[in-house]
Amino acid sequence: MRKKLYNCIMPKVKVNGKIIEVEKGSRIIDFVHDRQYFAAQIDNELRDLSTEITQDCALKLIDITTEHGKRIYWHSTSHIMAMAVKELFQEAKLAIGPAIDQGFYYDFEVDKPFSPGDLEEIEKKMREIIKKDIPFEHIFLEKKAARDFFQNRQESYKIELINEIPEEKISLYRNGDFTDLCRGPHVPKTGFIGVFKLLSLAGAYWRGDVQQKMLSRIYGVSFPTEEELADYLEKIEEAKKRDHRKLGTELELFSIFEEAGAGMVFWHPKGAILKRIIEEYWMDEHIRAGYEIVSTPHIAQSTLWHRSGHFDFYRDHMYTLSVADQEYVLKPMNCPGHILIYKSKIRSYRELPIKYAELGTVYRDELSGTLHGLLRVRSITIDDAHIFCRPAQIEEELCKALKLAIKMLNKFGFEHLRIDLSVRDLNQRDKYMGSDEEWERAEQGLISALNRVGLDYTRQEGEAVFYGPKIDIKLLDALGREWQATTIQFDFNLPKRFTIEYMDQDGIHKEVIVIHRAIYGSLERFIGCLIEHYGGAFPLWLAPVQVMVMPITSKENKYAEQILKKCIGRGLRAKIDEKSEKINYRIREAEIKKIPYIFVVGPKEVEKKTVSVRQRGRKDLGEMELKKAFNLIKTEQGGEN
RNA sequence: GCCGGGAUAGCUCAGUGGUAGAGCAGGGGUUUUGUAAACCUCAGGUCGGGGGUUCGAAUCCCUUUCCCGGCUCCA
């Protein structure tokens, strides 16, 4: 009786803020007909639209505009792609197919990797599947049944995944004959996917493990409308215009020559001056912050690298050479050099902290497939420093280092920083050097420094290197890919290997704390990110050429040369363009080269002893006295000149 | 290193078995120009390197270097 009464109650459902009454047991899709919504969130849980409503609840309908929405949409598209692949290539084995930040991928094991031609076939098949509007059915199987199911289909990767699922009920999704292991949720039917594009092919190891089989990965992206897809593709095209490799050539900043070898950067004058400015700023900040500048050789005897342990754990990346029958190593890191300087005499606790800094160029034999313009090279200028301190100084030093890093990154306009705290995997303690006490103290130090500086960070379990925990700060390139710049790392390895000590107040030799830290990370990578960050339009203080002086006709050349001289005397990086091209042509050229200021001088200016100033992005600012132009430049943000 | 795709003039690209092309950039000339492209003209490439197939190769095959997108690695 009571049950019956209960059955009559119409659950009240708050849908995106509006309350409606629905029949008990009805599915969300029964009362939500707007096709832009394809999933729902009930009490913070993402659900399919086939979810039955049995009681009062609040639900938020999900569309493509939210992060969750994108993920669901793309994940569903990846299922459709996998379905298409299975129809075209029966022997393909399914691995995994998640949504990612900008789309989705699916990994398959196939005898012959896919070719670009295959993608067209797959796209065609996908369009058919979408047109058929096949429902996504959520089904559950007992673990054993699920295993048998995939065993019958010879989907060994799925079985491997099932074996790692703790729950007994295994969640799967079915579209017609295609069934995939999946937590969901999904769009209700394949027809909910509007337009999509398969973007690229790649090899990918199963579980990212080099020892495992290489799978074929297909990347793609999807959107409700053609416009959104076109927008997305256009955004990528726009981003490619900021590619530092493209701008590096256009702005004559650097080259990498096939003849010289991969990963070796040759800085042209404009790039070299940019690098120099960045180095000078670094030098200035470091000397102010109590660092002492050191300089160490590029090669050292291999015995040093045996002692440091690099021969044991970094051999694959090292270039060795023989010099007068001795084996030498082209330095892959600066640390041993700095340690030798530290160890050159007995150190008192009074001297600590000692902070040695060096813009040291190191050489690493990086895997050829990983090289990427300036962002991954083999000759790497690291803005390296080693902080030697007492345990009691750890937190203070970390704080200072972090503050310095943030200050310097902000100076270059990097505001939104992705910060990671990498700690050890507690289940694999034997993988790491150092005692529990050392690890805990270091980790605490890193955390409290992060808190004191007020930084948000992500804790990365098991991402620490074997010799200590670390903080990393990542920069983004034009396409949103992350590149590690700043790193602050503890080292529990080198102090022991080199017995680096200090004489403490109590007259006892104690092991010193060693913290490695780099702010730019590598000058090459940093400049690569910087070029993309500014799209080549560097702020005044970084611009390789700050002012271009342009006489309108050759009659003004003499006056223009005087102006140029005054600019240079003023410390500005200025050039003159006396080509007999029209002024429009030369202005266009200077704009393309992204020069911040153009001083145009014609008969008027000669007569009135003025210049006409054109500022990048703001066009003609009109005629003014040179003094006023200099003041204008001086007041421009970051323009110390 | 692995998987896929590439490499043609300084740059961007066209050219799929029959005498290597365009635009921009560069040199010379004309033009003396007022805030994003004046005009004429010239030069420039053993088609990334090496080997092979062919009467004949930029084009087909092999190999190697380098580049691009990923995987992996990492600053």
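The chains referred to below are lettered A, B, ... by the order of the sequence lines, with proteins before strands, and numbering in each begins at 1.
Under 4.0 angstrom from either OP1 or OP2 of B:rC68 there lies at least one side-chain N or O belonging to A:R245. The phosphate of B:rG69 has OP1 or OP2 within less than 4.0 Å of a side-chain N or O from A:H372. OP1 or OP2 of B:rU31 has not a single side-chain nitrogen or oxygen of A:S580 nearer than 4.0 Å.
Judged by atom type and distance alone, A:R614 reaches the base of B:rA36 through a side-chain donor-acceptor pair under 3.5 Å. In the interface, the side chain of A:T553 is not paired with the base of B:rU33 through any donor and acceptor atom under 3.5 Å apart. The base of B:rG34 lies close enough to the side chain of A:S612 for a donor and an acceptor atom to sit less than 3.5 Å apart. On a pure distance criterion of 3.5 Å, no polar donor-acceptor pair joins the side chain of A:T370 and the base of B:rU72. For B:rG4, its base never sits under 3.5 Å from the side chain of A:Y219 at any donor and acceptor pair. For B:rG49, the base has no donor-acceptor partner in the side chain of A:E259 [N/O atoms by modelled type, under 3.5 angstrom].
In this structure, A:R481 reaches the sugar-phosphate backbone alone: every heavy-atom distance under 4.0 Å involves primed, P, OP1 or OP2 atoms, never a base. Using a 4.0 Å heavy-atom distance criterion, A:E366 is classed as a base contact. Among the atoms of the strands shown, none is found under 4.0 Å from any heavy atom of A:I598. Among the protein residues, A:E605 comes within range of the nucleic acid bases, having at least one heavy atom under 4.0 Å from a base atom. A:G203 comes within contact range of at least one nucleobase, with a heavy-atom separation under 4.0 Å. Counting any heavy atom pair closer than 4.0 Å across all strands shown, A:R525 reaches a base atom. Nucleic acid contact class of A:Q484 (heavy atoms, under 4.0 Å, all strands): sugar-phosphate only. Within 4.0 Å of A:I583, counting heavy atoms only, lie sugar-phosphate atoms of the nucleic acid but no base atom. Nucleic acid contact for A:V377: base, since at least one base atom lies under 4.0 Å from a heavy atom of the residue. Among the atoms of the strands shown, only primed sugar atoms or phosphate atoms (P, OP1, OP2) are found under 4.0 Å from some heavy atom of A:N584. Contacts of A:A485 with the nucleic acid, taken as non-hydrogen atoms under 4.0 Å apart, involve only primed sugar atoms and P, OP1 or OP2. Using a 4.0 Å heavy-atom distance criterion, A:K555 is classed as a sugar-phosphate-only contact. As judged by a 4.0 angstrom heavy-atom cut-off over every strand, A:R586 is placed among residues making no nucleic acid contact.
Between the side chain of A:Q546 and the main chain of A:L540, a donor-acceptor pair closer than 3.5 Å is present. Between the side chain of A:K608 and the main chain of A:M624, no donor-acceptor pair closer than 3.5 Å is present. Side-chain N or O atoms of A:T553 include one that pairs as donor or acceptor with a backbone N or O of A:K555 at under 3.5 Å. In this structure, A:D383 contributes its side chain and A:G521 its backbone to a donor-acceptor pair below 3.5 Å.
Each of A:K213, A:K158, A:R217, A:R207 was evaluated against A:D107; a single residue qualifies, A:R217, per the salt bridge (charged side-chain N to carboxylate O under 4.0 Å, His left out) test. Checked against A:E238 for a side chain to side chain donor-acceptor pair (under 3.5 Å), the options A:K241, A:K240, A:K235 give a single hit: A:K241.
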Give each protein N/O atom lying under 3.5 Å from an N/O atom of nucleotides 22-24 of chain B, with the pair distance.
none

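For the pair A:E285 and A:K407, the salt-bridge criterion is met [side-chain N within less than 4.0 Å of a carboxylate O].
The cationic group of A:K411 lies under 6.0 Å from the six-membered ring centre of A:Y281 and within 45° of the ring axis, placing it in a cation-pi geometry.
Between B:rU16 and B:rG6, the two C1' atoms lie 16 Å apart (nearest whole Å).
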